[in-house]
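All remarks here apply to the structure that follows.
Start at 1 with the first residue, then count along the sequence.
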Amino acid sequence: MLVSVIGCGHLGIPHAAAMAHLGHQVIGVDVDQAKVDRLNAGECPIFEDGLPELLARHTASGRLRFTTDIRDAAAVAELHFIGVGTPIDADGRSYDNGQVFGAIRQLAPHLHRPCTIVGKSTVTVGTTVQVTALAQRLAPVGGAVEVVWNPEFLREGHAVEDTLRPDRLIAGVTSTKGEKAIREVYAGILDAGVPIFITDPQTAELAKGAANSYLGLKISYINAVADMCEAAGGDISKIVEILGIDPRIGAGGMRPGIGYGGGCLPKDVRAFTASARQLGADRAAGLLLAAEQVNETRIDVAMGLITGALGDRPVKGARVTVWGAAFKPGTNDVRESPALALAHALQRAGGTVTVHDPQAVATAVIRNPELDYTDDLPASLDGADLVVLATEWPEYRQANPQALVDRPANPLLIDCRTTLDPEPWRATGWTVHQLGRPGK
């Protein structure tokens, strides 16, 4: 098929490259000319495992190209994916769908033949109906424009894998024509046995918020239990094992730490909470709000662990190394990063903070230039009084504690992601503290 992907960010770039990999001719559309130029040169402005190679391969083949001219896409594409951002609104609770409607206003007046618009962005329930009305009113072909909502379920750091080999597809449709278009564009994926759920648009819109909010609930729950372990002297890692073996629960998403961040979970939980209230589901809203509140206190919990580990030594005046800037491993995305929030808290407490990250230093510097950064792991420890592990990159799990032990004068490590096996570190002279786990 000839398809377009409107919006080239953390969602749109992997999706465009993956659609080209499935054999489609793809035009990516973005308003940023500098970004478009880089993409056409095969240069990837974001970090995702496998994405630079996929992008370079398909821009070189001619199967994938990018433009700032939406008329170009309208003239040739049979199907248009909408992958623009839906940040949280000024009220702090609901989605700002302005970019979605803006994309439709730009695209629809140039639609002179039947086509399908496929929404990928995460939106408020009811958006498909509004988008359909707007697109059909503005398009010269009117009602020949179909709108389908097909929410993404990408894990940042795994976006290519999750696009090409998803665990499920969802399509909210209003006609057999819309369903046919979805089945055609995803034929390669469906032929591999991936299940597809054909629903009404409202169900598809709610499904994305429900999935991310459940994950937020799960993360907040295990963090709350970690606090109980901290108070009682229990071991949260053992509790995760005990709960995880239950097939009704599972261990996925139950790593205790400093909370969830990024461009999806925080806003999706807030917006889903707001939707629950708007729909009159007050008990659901209360449950979701409790998960938000647990998540929002995780930096305070981490600061309590740090000050307790320091004992009589104050944070003020201490040289602190924070390992991690990205909100999670596998990406250079620092939006709502708990690691950077913790770095700021340490800086406000008077610490001199240096942040290390294998991939996200460049993006963190742009958003948070007031912090010091390095991409050299051993050098990040020079002169440090305290090391705080804040993002669970494999580089930290695989680091050799013996090789690093001489860097800090008194090696004190606070593992705020409970990601390390502490014993090899302790055996080489490090003092290690972890959230919800006894032993120093």
Side-chain angles (χ1 to χ4, degrees), residues 1-20 22 24-37 39-40 59 63-87 95-152 163 171-175 177-182 184-186 201 204-205 208:
M1 294 180 75
L2 289 166
V3 305
S4 79
V5 177
I6 299 170
C8 296
H10 284 273
L11 166 59
I13 298 172
H15 195 74
M19 291 302 102
L22 290 173
H24 302 299
Q25 289 292 129
V26 183
I27 303 174
V29 182
D30 199 272
V31 296
D32 186 337
Q33 183 66 59
K35 183 194 289 186
V36 164
D37 291 342
L39 290 166
N40 278 325
T59 52
R63 190 174 288 166
L64 172 60
R65 63 184 178 90
F66 296 87
T67 182
T68 57
D69 188 353
I70 203 166
R71 294 171 299 179
D72 186 6
V76 299
E78 308 162 65
L79 185 147
H80 303 276
F81 287 106
I82 306 295
V84 297
T86 50
Y95 296 114
D96 179 351
N97 288 336
Q99 292 183 52
V100 172
F101 289 107
I104 297 300
R105 290 183 182 280
Q106 292 294 314
L107 173 68
H110 306 292
L111 298 177
H112 294 279
R113 58 194 181 88
C115 64
T116 305
I117 295 173
V118 180
K120 298 293 297 179
S121 305
T122 306
V123 294
T124 308
V125 62
T127 300
T128 306
V129 172
Q130 297 172 333
V131 166
T132 301
L134 179 63
Q136 293 182 349
R137 177 168 62 83
L138 296 179
V141 292
V145 176
E146 294 283 329
V147 178
V148 176
W149 221 263
N150 167 226
E152 52 83 16
T163 304
V173 306
T174 57
S175 71
K177 183 180 176 183
E179 179 180 346
K180 181 181 178 182
I182 284 289
E184 183 177 352
V185 78
Y186 287 126
E205 292 163 341
K208 174 60 185 294

Original post:
Any side-chain heavy atom of E152 sitting closer than 4.5 Å to one from T163?
Top reply: no
Original post:
Taking the side chain as C-beta and beyond, is there a heavy-atom pair between C8 and V36 under 4.5 Å?
Top reply: no
Original post:
More than 12 heavy atoms of other residues, nucleotides or ligands under 6.0 Å from NZ of K180: is that the case?
Top reply: no
Subject >> Set of side chain to side chain contact (heavy atoms under 4.5 Å, CB included) partners for A20, sequence neighbours left out >> reply: V26, H58, R63, L64
Taking all non-hydrogen atoms of both residues, which atom of [X] and which atom of [Y] are closest, and how far apart?
{"X": "D96", "Y": "G98", "result": "OD1-N, 2.9 Å"}
{"X": "I182", "Y": "A171", "result": "CG2-CB, 4.0 Å"}
{"X": "E146", "Y": "S175", "result": "OE1-OG, 2.6 Å"}
{"X": "A34", "Y": "D32", "result": "N-OD1, 3.0 Å"}
{"X": "L22", "Y": "V185", "result": "CD1-O, 4.4 Å"}

Contacts of type side chain to side chain donor-acceptor pair (under 3.5 Å), residue [X], not counting sequence neighbours:
{"X": "T122", "value": "K208"}
{"X": "Q25", "value": "none"}
{"X": "S121", "value": "none"}
{"X": "T124", "value": "none"}

**OP:** Please list, chain by chain and in numerical order, all residues satisfying ring-ring contact (aromatic ring centres under 6.0 Å, His included) with H15, sequence neighbours excluded.
**Re:** F81
**OP:** Name all pairs fulfilling the side-chain hydrogen bond (donor to acceptor under 3.5 Å, both in side chains) condition that reach into residues 65-84, sequence neighbours left out, sorted by first residue then second.
**Re:** S4-H80, Q33-T68, R65-D72, D69-R71
Under 3.5 Å, sequence neighbours excluded: what are the donor-acceptor pairs made by side chains of residues 131-139?
residue	atom	partner	partner atom	Å
T132	OG1	T128	O	2.8
Q136	NE2	V145	O	2.9

**OP:** Say whether, by atom type as modelled, one donor and one acceptor occur between the side chain of N40 and the main chain of F66 under 3.5 angstrom.
**Re:** yes
Original post:
Would a distance-only check, ignoring hydrogens and angles, find a side-chain to backbone donor-acceptor pair under 3.5 Å from E205 to T127?
Top reply: yes
Original post:
Who pairs with K120 by salt bridge (charged side-chain N to carboxylate O under 4.0 Å, His left out), at least two apart in sequence or on another chain?
Top reply: none
Identify each donor-acceptor pair in which a side-chain atom of residues 99-117 lies under 3.5 Å from a protein atom, sequence neighbours left out, and give them as a table.
residue	atom	partner	partner atom	Å
Q99	OE1	G85	N	3.4
R113	NH2	V76	O	2.7

Subject >> Approximate separation, where rounding is to 0.5 Å, of D30 CG and D37 CG >> reply: 11.0 Å
